[in-house]
Amino acid sequence: MTNTLTTDAQIINLLPKAFRKPLPSAAINKLTNLEAGREMWLLPPLVDLCARLREPGQQQHGTLASEGKAARANGFLHVVIPPDTSPILENGSLLKGLRERALEDGGIYLYILGALTAGLEGERPSNIAGLKKGGCIAVSNARQPFTNDLVLLRTLEYAATFGMKVFFYPDEPSLSKDGVAHEGYIASYHGLQGIPWIAETVALSTQLLMVEETGIAAHFSQLSCKSSVELMRWAKNKKLPVTCDVAMHQLYLTDDNLEGFNAMAYVLPPLRSNTDQKALRRGLKDGTIDAICSHHEPLNATAKKAPFEDSTPGISNFDTFMALACQLVHDEVLTLEQLVDKICLNPAKIAGITSQYEDIGGAVLVDPNLAWQVTAETMQSSGKNTPFFNQQLQGRVVETFFG
């Protein structure tokens, strides 16, 4: 971690030596003319393991162009999307065009999780061979259930024959059905149907045992509770081929933020208790949790207008992600080097794109002390659905050097 640039600004340079492409001369010129004494971070491009860009199928909330540009402006050059779009991402021959449009319209590299089961209906395997040929980095059933555990087992065995990694979003629907908030005092006080933490851990336990049985590589996304961290710690101690991530908002928000039926804080999996949040932070710090994703879900202005339980879950996260990431360093939850691992290098490894990531290169210039207010004007995403709206945050991407 050394400053290799001739400048009066304090630039903490964390670009990997493995990057094939050096920074262009225009970027070097800009960096060497920064304000004297200003602390800046030069990071590799961010890699997001879960974002919904709303295209295809939900363009009323966002598009590859709008959300791709928002991602890029906030440091994300590489973005992974789940398969539950409309149509479902299960036809390998159509995926190349989607990736090309994401690069042309939004300026980002798109990586696709193909549907694990046909139609995400949980009844039989999809055409995994075709999805692999079409360039999927992994397969997933998103948050959709399987008919039964035997179907899950056979589907994982089938995916394993093609060497495909599986992304899980653990949820047991019989326990979470119709729930909209973490089962606890806040949900009870507001008369909201709760989702118990065990809805996540029952599914996670089953899936981990299936991984142990089949040997398939698996990634568990958006863990939200203390027991899930403990289960992942157990799995890693057993040397199972597993990784996991947490959504950035889970590290800052709890079910207390639902007070007054705040639909802006309605997200699935739900915001959980203070005890869960502390466990997530500990798991991040000790390496049990490998990565932080945005879980970006932009929504239009009407989606949050209905009563809480009838509104649409989701938080727009690209624009606030870096400020919250900076706060993790300020709060000494992570060192800066650890942060780069969690939002850049580890996600690239998990997605299996390290070689491409290094070939493409690029850099993100961050001012970790820049104060700014979250408003419709300062947000790049089409979705303004954030519980941080009108709050002042500290830390922001001020320049990206992408080819």
Side-chain angles (χ1 to χ4, degrees), residues 41 46 48-54 61-62 66-67 69-76 79 180-182 186 190 222 224 245-274 276-278 280-281 284 292-305 308 311-331 333-334 339 342-343 364 366-398:
W41 300 345
L46 278 61
D48 195 353
L49 288 171
C50 186
R52 286 180 169 84
L53 308 184
R54 300 308 190 189
H61 299 304
S66 70
E67 302 317 297
K69 290 173 183 176
R72 188 180 173 98
N74 288 287
F76 293 99
V79 177
V180 294
H182 171 62
I186 296 295
H190 288 76
Q222 299 158 39
S224 69
D245 69 53
V246 61
M248 182 65 84
H249 54 258
Q250 295 282 4
L251 301 170
Y252 285 91
L253 304 172
T254 68
D255 60 341
D256 289 337
N257 293 98
L258 303 183
E259 189 74 42
F261 297 99
N262 180 13
M264 288 296 182
Y266 176 23
V267 67
L268 295 175
L271 301 175
R272 297 203 182 270
S273 70
N274 287 282
D276 292 311
Q277 184 190 82
K278 290 175 182 176
L280 291 170
R281 286 185 164 215
L284 194 65
I292 308 170
C293 72
S294 77
H295 194 193
H296 177 68
E297 295 187 300
L299 295 167
N300 64 20
T302 62
K304 294 288 189 180
K305 297 294 186 183
F308 187 97
S311 66
T312 306
I315 298 175
S316 179
N317 278 321
F318 281 157
D319 291 284
T320 57
F321 188 92
M322 184 52 72
L324 301 181
C326 291
Q327 195 61 44
L328 289 173
V329 177
H330 295 322
D331 291 344
V333 176
L334 297 174
L339 178 67
K342 305 295 185 183
I343 66 176
V364 177
V366 176
D367 185 338
N369 300 305
L370 178 65
W372 62 285
Q373 189 172 22
V374 183
T375 66
E377 291 70 34
T378 58
M379 292 182 71
Q380 300 287 325
S381 171
S382 288
K384 313 304 178 186
N385 51 302
T386 171
F388 298 102
F389 204 77
N390 286 331
Q391 292 187 31
Q392 182 165 294
L393 302 180
Q394 183 177 320
R396 199 164 200 197
V397 172
V398 294

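Computed from a predicted model, the values in this text were never measured in an experiment.
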Working for side chain to side chain contact (heavy atoms under 4.5 Å, CB included), residues Met322 and Leu46: CA-CA 10 Å; Met322 184 52 72; Leu46 278 61; 3.8 Å; yes

Is there a donor in the side chain of Asn262 and an acceptor in the side chain of Asn257, or the other way round, less than 3.5 Å apart?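 No, Asn257 and Asn262 have no side-chain donor paired with an acceptor closer than 3.5 Å.
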
Checking side-chain polar atoms at under 3.5 Å, does Asp48 have a donor or acceptor matched by the opposite partner on Ser294?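 There is such a pair between these side chains.
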
Could you state the interatomic distance from CE (Met248) to CD (Gln327), rounded to the nearest 0.5 Å?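 It is 10.5 Å, given to the nearest 0.5 Å.
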
So, the side chain of [X] versus the backbone of [Y]: is there a donor-acceptor pair under 3.5 Å, distance only?
| X | Y | value |
| --- | --- | --- |
| Tyr252 | Leu324 | yes |
| Lys304 | Asn385 | no |
| Asn300 | Ala303 | yes |
| Arg54 | Pro298 | yes |
| Gln250 | Pro270 | yes |

How close do Phe389 and Thr375 get, heavy atom to heavy atom, and via which atoms?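 So the minimum-distance heavy-atom pair works out to CE1-C, 3.7 Å.
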
Shortest non-hydrogen contact between Cys293 and Cys50, atoms and distance: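 Smallest heavy-atom distance, with atoms named: CB-N, 3.9 Å.
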
Determine, step by step, whether Asn390 and Val374 satisfy the side chain to side chain contact (heavy atoms under 4.5 Å, CB included) criterion, reporting the C-alpha distance in whole Å, the side-chain angles of both residues, the deciding distance to 0.1 Å, and the verdict. CA-CA 5 Å; Asn390 286 331; Val374 183; over 6 Å; no

Applying side-chain contact (heavy atoms from CB on, under 4.5 Å), name anything that partners Asp255, two or more places apart in sequence or on another chain.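 side-chain contact (heavy atoms from CB on, under 4.5 Å) check on Asp255 returns His182, Ile186, Leu258.
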
Sequence-distant partners of Val398, side-chain contact (heavy atoms from CB on, under 4.5 Å), two or more places apart: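 Val398 satisfies side-chain contact (heavy atoms from CB on, under 4.5 Å) with Arg38, Met40, Leu365, Asp367, Leu370 once adjacent residues are dropped.
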
Can you tell which of Asn74, Thr386, Thr378 makes a side chain to side chain donor-acceptor pair (under 3.5 Å) with Asp319?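 Checked Asn74, Thr386, Thr378 against Asp319; only one passes side chain to side chain donor-acceptor pair (under 3.5 Å): Asn74.
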
Please evaluate residues Glu67 and Ser381 with respect to the criterion side chain to side chain contact (heavy atoms under 4.5 Å, CB included), reporting the C-alpha separation (whole Å), side-chain torsions for both, the decisive distance (0.1 Å), and the verdict. CA-CA 6 Å; Glu67 302 317 297; Ser381 171; 2.7 Å; yes

Consider side chain to side chain contact (heavy atoms under 4.5 Å, CB included). Of Asp245, Val246, Ile315, Val267, which one does His295 pass it with?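 Of all the options given, the one that passes is Val267.
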
Determine whether the aromatic ring centres of Phe321 and Phe76 lie less than 6.0 Å apart.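 Ring-ring flag for Phe321/Phe76: true, centres closer than 6.0 Å.
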
Crowding at NZ, Lys69 (>12 non-hydrogen neighbours, <6.0 Å):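 Open: at most 12 neighbouring heavy atoms sit under 6.0 Å from NZ of Lys69.
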
With sequence neighbours excluded, residues passing salt bridge (Lys or Arg N to Asp or Glu O under 4.0 Å) with Arg52: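 Asp84, Glu297.
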
